[in-house]
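Read the structure below first, then the notes.
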Amino acid sequence: MNVLELREIGRAEKGARPDEVVLALSPGFATFFTKTIVDVPHSEVVRQILAGIEEQGVQARVIQVKARADLAAMAHTAARLSGSGIGIGVLARGTSMIHQKDLPRLSSLELFPQSPLMTPEVFRAIGRNAAQYAKGESPQPVPTLNDQMARPRWQAKAALLHLKECELLVKGAPPVEVEPVLTA
Amino acid sequence: MNVLELREIGRAEKGARPDEVVLALSPGFATFFTKTIVDVPHSEVVRQILAGIEEQGVQARVIQVKARADLAAMAHTAARLSGSGIGIGVLARGTSMIHQKDLPRLSSLELFPQSPLMTPEVFRAIGRNAAQYAKGESPQPVPTLNDQMARPRWQAKAALLHLKECELLVKGAPPVEVEPVLTA
Amino acid sequence: MSLVVGVDIGNSTTEACAALITAEGVEFLGSGLVPTTGIKGTTANVDGVEAAVRAALRTSRLALPALQRVFVNEATPVISGLAMETITETLITESTMIGHDPRTPGGAGLGVGVTVAFGELDECSPGEKVIVVVPVGIDFAVVSKALNAALERGVDLRGAVLGNDDAVLVANRISCSIPIVDEVRLVSSVPLGMTAAVEVAAPGRTIRTLSNAYGLATVFELNADQTRAVSPVARALTGIRSAVVVRTPSGEVSDRHIPAGTLELGGETSTVRIDVGEGAEAIMAALARVTPMKDASGEAGTNVGGMLASVKENMADVSGVDLAEVRIGDLLAVDTFVPQEVRGGLAGEVALENAVALAAMVRTSHGPMQQVALAISQRLRREGAAEVEVVIGGVEAEMATRGALTTPGTDRPLVVLDLGGGSTDAALADRSGAISTVHVAGAGDLVTRLIASELGVERDVAEEIKQSPLAKAESFFHLRLEDGTVQFFEEPLPPEVFARVVVLSTDALVPIPVRHSVDRIRQVRRTAKQRVFVVNALRALKQIAPYRDLRQIGFVVLLGGSALDFEIPELIADALAPYGIVCGTGNVRGSEGPRNAVASGLVLSRS
Amino acid sequence: MSLVVGVDIGNSTTEACAALITAEGVEFLGSGLVPTTGIKGTTANVDGVEAAVRAALRTSRLALPALQRVFVNEATPVISGLAMETITETLITESTMIGHDPRTPGGAGLGVGVTVAFGELDECSPGEKVIVVVPVGIDFAVVSKALNAALERGVDLRGAVLGNDDAVLVANRISCSIPIVDEVRLVSSVPLGMTAAVEVAAPGRTIRTLSNAYGLATVFELNADQTRAVSPVARALTGIRSAVVVRTPSGEVSDRHIPAGTLELGGETSTVRIDVGEGAEAIMAALARVTPMKDASGEAGTNVGGMLASVKENMADVSGVDLAEVRIGDLLAVDTFVPQEVRGGLAGEVALENAVALAAMVRTSHGPMQQVALAISQRLRREGAAEVEVVIGGVEAEMATRGALTTPGTDRPLVVLDLGGGSTDAALADRSGAISTVHVAGAGDLVTRLIASELGVERDVAEEIKQSPLAKAESFFHLRLEDGTVQFFEEPLPPEVFARVVVLSTDALVPIPVRHSVDRIRQVRRTAKQRVFVVNALRALKQIAPYRDLRQIGFVVLLGGSALDFEIPELIADALAPYGIVCGTGNVRGSEGPRNAVASGLVLSRS
Ligand SMILES: Nc1ncnc2c1ncn2[C@@H]1O[C@H](COP(=O)(O)OP(=O)(O)O)[C@@H](O)[C@H]1O
Ligand SMILES: Nc1ncnc2c1ncn2[C@@H]1O[C@H](COP(=O)(O)OP(=O)(O)O)[C@@H](O)[C@H]1O
Ligand SMILES: [Mg+2]
Ligand SMILES: [Mg+2]
């Protein structure tokens, strides 16, 4: 089982090269929390997303957001920093979004609102689709299962995880670029 | 004969819309100087460039650079502020350049180094070509006459004008967005 | 002075023309156009007629109570049908080749070796030339580690075939550069223990060796007979960036014609049977041999057979004519293609199989027009037109030519070409005033169907593609139109058009969910219009021209919904120009464009 | 054991094959390929031969002094020629229409009025329907002010025609919305005082009225005869976004065939004369009627006539044969088109005129081969090959088939198709070993010429386009390749590729200075290859097949420079597949690809 460490490189800057996707991780990601709401390890989440991007021949940069636990804000920040204009946001519990810099903040290219349904395969597909958007292609959106039972069964846990993540916010702290380091 | 006044609007910011070209004027433009080295009025220079851009259905923003009298730096600054990535730089004596934000600063899309050869028609064509670049088209570069006699005949005057413009530099002052106002 | 309305009940649209008839002549007041309700020529049409009449009267200051006469056309029902039959099939046996051209293969070059399962890699000896086959589900890091270990042991790894979409990931992690083909869904069926070749070309390029019969011969050391047997594999693998070929005992790929059912075409003196599988050219040639056709039928159990039968049944129902008396009036066969999954493919390979689209048409001169007229009369009287009298007008073709002749610049001899939805109709008004008509199957609906099939989209999207130009969203703030120009937007475009080709429909941008380029979609759209309307314009005109000589026709006026199309009129005019024919979209009464010809003609014939 | 080199002197390339001939057989050492120096079959070839021999020996450890024999092919000179004749011409009389489709017209809609010069606008009365005509050089602000003043006076301004590129500027400043067509260079020739119509469509759309004969009839109130006369104007104005038509007394646009000179084709028993202007199909049909052709000549003063004459003169010079004895061996005519400025156009209108490209070929069996052999011998001895003997090898076709048969998977009966630069040559080696040959005109150079003409580019750019795939620079950091994939760059691309379509040439990106899209250029490239090589493959094979039945041919091997092309082999293989022919690029000795066949054959025939 891998452990994910996010080594801070410096302040997150706007990228110049168009062949990159920026992945924004929430404040609690790989720090306070180490796995998603359904126990997918954060190391696997990042590994799969980066693999999806790499397979498409695109570069990835990872940032950690400190001041927001709002998925759309995070993903849009990633998109605005990204040289291709494409960004991904992931919350510690697993909820994810693919965003684009010109879209309104509350819109998105693809949204994955049901954290219990997020498997490693879905994270891989998110990386792949984001990279294809970065290449100016228009991939089939990742099929999202809709589990009507997911909501009530997981609602309480999701709420708790969300509250905890909000406690970790550092007001006004800018996003930092991180190097994801996996150790066995 | 029109008089050109450059009314300062505020600090020059990066544009969001892709259908714009940014025109950067040198420190002495329409301030200390009012016409080019061959007496084309600055009001006509700006009017023709803006007309060339408008005819192509593209927007224009005008900025005045305060800290540099270097054509490439000015044009590249304009390009980097422009939502389309295309910028134009014009020195008071008439020398001009069309630049693009991803090019190396000392490169350019089109360069017009012989200020004595710059007529109103050429300025119109510069506006037109810059707008076409902004639209992702690839226009025929504006044909530049090459007058071997231009250099020696005008060299002294060009040098004087350049020196004067350099005296007007305000170190560290950021470029300002201006509204070009023509009065008869 | 009397207030009259001419009403034309068409297959898709019901049009009306309101006018005041006085001693001096006709004063036109307004026109109306609504969708036809029910099948043309049945009492269900009444709702549409009422709506059209009201619409025509709207711009005048007069209302229903003032209405005195309504002239309706002899709306004889026309039932059109459309079916498609796939006539070729690609089959791969013994899983001998993989040619799905995944978008992200890995490495580059040509590798030849023996296929070995990933799990048995440990058992390979140093120096063994191996093509490793990796199942779905094994993590790319595990794969890379094992391949590196094998390489270190001295195994001569020459290529890899993966189930997952991991080729680039693995290529980036292993210590040698080998070609890797991935996304092979049924990788578990790749034959093991056999010589195989993997080839991956550089980005933007296509493979050179496995797509060449002699390349396969070189790689697998084949003699001439074996090369002949394997050459269809080479042809199946042309034009793609990567492929795998496995030398199985008798595996092959065959692109064969499949039996598509017999079509029976009955002429006056003879009957011709032809297999739909022979293609459109052969079918139309057979049709030419029996022309004028008396009837047609297809083989039971085939799409074509079912369509022809149901078209006849529909007509029997609607017109009250005995089924045995119903005859197919005309057919049009068009070659097309449809993307189909290849049988025996290991990775969801899709091939463009040949298909034949067939349009058929049944007409009858019988129709319960009296009942329809009566029903219209009752409805209008109920709605306040107390004095109204409904009169069945003259022959539709006469009315159409009369109306068409109100187009400025026209004169007899004139041919009216009505380009509708289900059929294309031609009416010739010669110098003496005599009218002759011809109706051929195949029109707007067939065009839409071809576009849908060839692009692999639903029919509603195909209808949008047919009717409006294309553009590509190059950013969220601008579209590049198909003519190369750019259109900018103040607000960002909706997310679903990102990087997509869209149709510039009247109301909205319609994203097209396919990978084709703007130019490719445009080409499909234009050739579909060409294969239906240019072919049918010539077919109909040849049948109706004096002495069958197109040069005898002076003027052709295009009417109908498909004459509103932004490309069809010019395609037809271009095709007719060599015959000295002046052809253009009609402009009924100098104001209505290609609409309202019959309705106007009905009014004019009574003035 | 002797060290030998086989040398094949081709039209464009000289190839060599070095080998050791021992009792056991032949051991191949290396190959060489250099450009041929001078015309094939003349002593000027010596430089190339020396270079090729050196190159072939380079990889072995042996050098010139060890060289014992050099086998050269009987390099009979082949002179090829290529000419193009434009056969249609568009002519506008009385400046009756303007159809240059400027990129930035202004306003939208249709405006009809009387043409009035800008300077006379003051004299217009209120209510007058006016189309104002503005000369080059008047400032847009002055124009706008004057138009607004006229509008305020009540002049009914309906449209404008401008000399400058100012339509949008003026449209943005005037108080009404009218269609404005600009960039009319010769605006001073627009007829004044006549009824005119200006039409501008919305962005991305095309005009509907002026491109419709009946639209013109409506606008200008024409009768049927006048409409017929004006219909070519409508056809000339289809597919564009804006246009102007002026109703002049007898102005018209004619797209006429122009006399293009007679071609005289001599057969064994008859001679056929045909006007080049009749097009390629007619010319090839005439050729079929006199086949086998004995000679051909063209009309003096035409491109075609001059080319045929100079090809014969060249051959007479080179081969020493009497000019009167030189005969054209074969011709290929191909329909093409070339952009030409329209005569009488007011705005530099360019029309795609029809043209015919003609390739011709002269062969002779005479050639100063002995002198060439002697010269080679002298040169090699001078350079150190003291013992060397130069022997003229067998018939080229025999050597070619011998070499081709070293391609794995081949066997007799075999046809070798040599796809070169000037001619396409076929050699059949039947079961008994007998060889027959056929040479047809038209090959790689003709393909390049068609691409150059149809795209309007120089021949060197056309050669690049022919040989490599295309891409479009979508930003300074990435290219979109013609297959839809993306290629990223670390450093920004050079400025001259900005937004341009480029060719992905081996060394660099070559920008193409035209406005066409990637798909359009790709289509021109592919159809040029189809019209030359697929046509010629079938032509040559039909002539050489036993009983002229292509099904009698089992294997076809493609050789020559054009067999290296990334599309040509698959286009030919696709065309031959219906005849059951296995066709592919050769792989001489299992390693040389389509090269070195003759050189290898020369060596093999001596072992
Ligand atoms: N604006 C348009 N552009 C292209 N095709 C059109 C347009 N409007 C209608 N059509 C086509 O016209 C056909 C119907 O023609 P219409 O004359 O109304 O039918 P009918 O004669 O069968 O009543 C349909 O195939 C439809 O797609
Ligand atoms: N890589 C290539 N791709 C496409 N065409 C090529 C390539 N290399 C050479 N050619 C073409 O081959 C032709 C010359 O063929 P070659 O066999 O060398 O000539 P010849 O037989 O006349 O000596 C030229 O038309 C050239 O454009
Ligand atoms: Mg992949
Ligand atoms: Mg313009």
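None of these values were measured; they are calculated from a predicted model. Proteins get letters first, then strands, A, B, ... in listed order; numbering begins at 1 in each.
- For the atom pair CG of A:Asp102 and NE2 of C:His478, the computed distance is 10.5 Å after rounding to the nearest 0.5 Å.
- Looking at A:Gln132, only its side chain comes within 4.5 Å of chain C, counting heavy atoms on both sides.
- Counting heavy atoms of neighbouring residues, nucleotides and ligands inside a 6.0 Å radius, atom NZ of A:Lys14 exceeds 12 of them.
- Summarising the local packing, CZ of C:Arg459 is surrounded by 12 or fewer heavy atoms from other residues, nucleotides or ligands at distances under 6.0 Å.
- To the nearest 0.5 Å, atoms CG (C:Asp165) and CD (A:Gln56) are separated by 6.5 Å.
- Separation of atoms OG (A:Ser138) and CD (C:Glu496) is listed at 12.0 Å; rounding is to 0.5 Å.
- Results of the side chain to side chain contact (heavy atoms under 4.5 Å, CB included) test with C:Thr104 over A:Glu54, A:Glu55, A:Arg128 single out A:Glu55 as the only residue that passes.
- Surrounding NZ of C:Lys145 are at most 12 heavy atoms belonging to other residues, nucleotides or ligands under 6.0 Å away.
- Contacts between C:Asp166 and chain A at a heavy-atom distance below 4.5 Å involve backbone atoms as well as side-chain atoms.
- The closest side-chain heavy-atom distance from C:Pro495 to A:Ser108 is not below 4.5 Å.
- Neither the backbone nor the side chain of A:Pro120 comes within less than 4.5 Å of any heavy atom in chain C.
- Note that the CZ atom of C:Phe498 and the CG atom of A:Leu109 stand 6.0 Å from one another [nearest 0.5 Å].
- The environment of C:Glu458 atom CD is sparse: at most 12 non-hydrogen atoms of other residues, nucleotides or ligands sit within 6.0 angstrom.
- Only the side chain of A:Gln100 comes within contact range of chain C, judged by heavy atoms closer than 4.5 Å.
- If you measure heavy-atom distances from C:Ala171 to chain A, you find no contacts under 4.5 Å at all.
- No part of C:Ala473 comes within reach of chain A, as not one of its non-hydrogen atoms sits under 4.5 angstrom from that chain.
- A heavy-atom distance below 4.5 Å is found between the side chains of A:Gln48 and C:Asp139.
- Residue contact with chain C, scored on non-hydrogen atoms closer than 4.5 Å, is absent for A:Leu50.
- Closest approach of A:Leu103 and C:Leu493 over heavy atoms only: CD2-O, 4.0 Å.
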